[in-house]
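The chain is numbered in sequence order, starting from 1. None of these values were measured; they are calculated from a predicted model.
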Amino acid sequence: MTSELPDTRNRLIAEYALRLGDDALVLCQRLCAWVTNAPTIEEDLALSNIALDLLGQARTLLAFSGRSDGTNRSDDDLAYRRTEREFRNALLLELPGGDFAFTIARQLAYTHYTSLLYGQLAASADEGLASFATRAAKEAEYHCLHASQWTVRLGLGTEESHRRMQSGLEHIWPYAAELFEADDLTTRLDTEGTAVAPAGLRAAWEREVTGVLTEAGLTVPAPSWQATGGRSGVHTEVFAPLLAEFQSVFRQYPGGLW
């Protein structure tokens, strides 16, 4: 990871890494709720392994962010000592798990996004981000395949599985749009070759996801609104309880170690 002295550019890179790390961390926590509750033992293991991959990504990104912003905060510091308003995850990732079809719909949207994102970020001018993305892109490819296969299976399954899969898509679609929001931070870092402006991924993402939905006999939703606010720390009402549960042990036993 970068060894430059803290400056404005490094703080911007730290904020960018924080966003990606928070996305992975919050979705990891949501997927963990499926442990022992998935439809099959094999799926229980698959979702657990995906959650572990996301946890590893989150730890790498948060630790990198803490070093880059000059505070030297650890991944634990950033995961457990921040308040709700200090998290920068997209709102899509904090939504309650819903049924299995909803979870797959969210996985479909997020994994195709990260597969494209990390594939391009692997060429980042920042050595640390490039190294992370090279490793994460391989994991994202597997996560993407898992979500796509389940989408087709549910879409072409029974009338009930098709209905639930379509319902899940309708629910998450307005939130998926936030993943591609443009702002000054990503535009500046993208211009200098350090980060990837998410807006530039939207067309490829739509082609990929539309292909999966077409194969599954599902309809691409056409929402009349889109979510926003997560990148600036304005979250949904379900995020505070999620964070309280996630941070409860750390706050009850501050400084405790395994």
Side-chain angles (χ1 to χ4, degrees), residues 16-28 30-31 34 43 46-61 64 88-95 101-124 126 128-155 165 168-169 172-173 175-182 186 189-190 193-216 218 220-221 230-231:
Y16 179 72
L18 190 68
R19 294 180 182 186
L20 302 185
D22 283 350
D23 282 351
L25 181 66
V26 172
L27 183 57
C28 167
R30 283 303 190 198
L31 287 180
W34 280 103
E43 193 52 30
L47 290 176
S48 299
N49 283 327
I50 292 171
L52 281 174
D53 287 344
L54 293 174
L55 180 60
Q57 293 172 14
R59 294 193 66 177
T60 298
L61 287 163
F64 175 50
R88 295 293 182 263
N89 58 281
L91 302 182
L92 171 69
L93 294 319
E94 66 193 46
L95 297 177
F102 171 88
T103 292
I104 293 300
R106 174 163 54 193
Q107 288 298 107
L108 181 74
Y110 179 70
T111 60
H112 278 268
Y113 159 75
T114 53
S115 180
L116 292 166
L117 172 64
Y118 295 154
Q120 292 192 20
L121 191 61
S124 170
D126 183 276
L129 288 174
S131 176
F132 160 78
T134 298
R135 296 193 304 273
K138 297 175 182 175
E139 295 172 343
E141 286 181 13
Y142 164 71
H143 302 168
C144 198
L145 178 64
H146 171 267
S148 297
Q149 290 179 337
W150 264 111
T151 297
V152 174
R153 191 177 303 175
L154 293 175
M165 192 64 221
L169 291 168
I172 66 97
W173 221 250
Y175 293 92
E178 188 185 14
L179 296 172
F180 305 100
E181 274 189 345
T186 52
L189 293 180
D190 178 70
T194 303
V196 177
L201 303 173
R202 184 66 185 263
W205 179 86
E206 288 182 347
R207 284 196 300 273
E208 288 188 7
V209 172
T210 297
V212 176
L213 297 185
T214 300
E215 183 181 355
L218 296 159
V220 178
R231 299 304 190 200

> Can you find a heavy atom in the side chain of Leu92 that is under 4.5 Å from one in the side chain of Glu178?
Replying inline: no
> Which distance, rounded to the nearest 0.5 Å, do you find between the OG of Ser48 and the CG of Leu31?
Replying inline: 9.0 Å
> Do any N or O atoms from the side chain of Asp22 and from the backbone of Arg88 form a donor-acceptor pair under 3.5 angstrom?
Replying inline: yes
>> What's the separation between atom CZ in Phe102 and atom CZ in Arg30, rounded to the nearest 0.5 Å?
In response: 8.5 Å
>> For Ala176 versus Ala109, what's the shortest heavy-atom pair and its separation?
In response: CB-CB, 4.2 Å
> Any side-chain heavy-atom pair from Ser148 and Glu208 closer than 4.5 angstrom?
Replying inline: no
> Do you know which two heavy atoms are closest between Asn89 and Glu94, and how far apart they sit?
Replying inline: ND2-OE1, 2.9 Å
>> Could you report the tightest heavy-atom contact between Gly21 and Ala58, atom names first, then the distance?
In response: O-CB, 3.6 Å
>> Test your reading of the model: is there a side-chain donor-acceptor pair from Thr60 to the backbone of Gly56, 3.5 Å cut-off?
In response: yes
>> What verdict does the side-chain contact (heavy atoms from CB on, under 4.5 Å) test give for Trp150 and Gln107, after you've listed the backbone C-alpha separation in whole Å, the side-chain angles of each residue and the deciding distance to 0.1 Å?
In response: CA-CA 10 Å; Trp150 264 111; Gln107 288 298 107; over 6 Å; no
> Between atom CD of Gln149 and atom CD1 of Ile104, what is the distance when rounded to the nearest 0.5 Å?
Replying inline: 10.5 Å
> Do you see a donor-acceptor pair shorter than 3.5 Å between the side chains of Ser115 and His143?
Replying inline: no
> Under 4.5 Å between any side-chain heavy atoms of Val212 and Leu218, yes or no?
Replying inline: no
>> Taking the basic N atoms (NZ, or NE/NH1/NH2) and the acidic carboxylate oxygens, is any pair closer than 4.0 Å for Glu139 and Arg135?
In response: no
> Measuring from Leu52:CG to Leu47:CG, what's the distance to the nearest 0.5 Å?
Replying inline: 11.0 Å
>> Test your reading of the model: is there a side-chain donor-acceptor pair from Thr214 to the backbone of Thr210, 3.5 Å cut-off?
In response: yes
>> To the closest 0.5 Å, what do you measure between CG (Leu27) and CG (Asp53)?
In response: 11.5 Å
>> Suppose we screen for salt bridge (Lys or Arg N to Asp or Glu O under 4.0 Å). Which residues come up paired with Arg231, at least two apart in sequence or across chains?
In response: Asp23
>> Ala101: which residues meet the side-chain contact (heavy atoms from CB on, under 4.5 Å) condition with it, sequence neighbours left out?
In response: Asp99, Leu154, Arg164, Met165
> Who passes salt bridge (Lys or Arg N to Asp or Glu O under 4.0 Å) against Arg59, sequence neighbours left out?
Replying inline: Asp75
> Heavy atoms, side chains only, cut-off 4.5 Å: are Phe132 and Asp126 in contact?
Replying inline: no
> What residues form a ring pair (Phe, Tyr, Trp, His ring centres under 6.0 Å) with Tyr175, not counting sequence neighbours?
Replying inline: Trp225
> How far apart are the C-alpha atoms of Tyr142 and Thr111, what are their side-chain angles, what is the distance that settles it, and do they pass the side-chain contact (heavy atoms from CB on, under 4.5 Å) test?
Replying inline: CA-CA 9 Å; Tyr142 164 71; Thr111 60; over 6 Å; no
> So do the side chains of His146 and Glu43 get within less than 4.5 Å of each other, counting heavy atoms only?
Replying inline: yes
>> Using the salt bridge (Lys or Arg N to Asp or Glu O under 4.0 Å) criterion, which residues pair with Glu215? Sequence neighbours excluded.
In response: none
>> Show the nearest heavy-atom pair for residues Leu55 and Cys28, with the distance to one decimal.
In response: CB-SG, 3.8 Å
> Rounded to the nearest 0.5 Å, how far does OG1 of Thr114 lie from CG of Leu20?
Replying inline: 10.0 Å
> Under the side-chain contact (heavy atoms from CB on, under 4.5 Å) criterion, do Leu18 and Leu61 qualify, and how do the steps go?
Replying inline: CA-CA 7 Å; Leu18 190 68; Leu61 287 163; over 6 Å; no
> What's the shortest heavy-atom distance between Ala197 and Asp190, and which atoms?
Replying inline: N-OD1, 3.3 Å
> Can you name the nearest heavy-atom pair linking Ala122 to Ala133, along with the distance?
Replying inline: N-CB, 3.5 Å
>> Before you tell me yes or no, could you show the steps for Glu181 and Thr186 under side-chain contact (heavy atoms from CB on, under 4.5 Å), namely the whole-Å CA-CA distance, both residues' side-chain angles and the distance that decides it to 0.1 Å?
In response: CA-CA 9 Å; Glu181 274 189 345; Thr186 52; over 6 Å; no
> Under 4.5 Å between any side-chain heavy atoms of Val196 and Tyr16, yes or no?
Replying inline: yes
> Sequence neighbours excluded, which residues qualify as ring pair (Phe, Tyr, Trp, His ring centres under 6.0 Å) partners of Phe180?
Replying inline: Tyr113, Trp205
> So do the side chains of Thr134 and Leu121 get within less than 4.5 Å of each other, counting heavy atoms only?
Replying inline: no
> Does the side chain of Tyr110 reach to within under 4.5 Å of the side chain of Ile172, using non-hydrogen atoms?
Replying inline: no
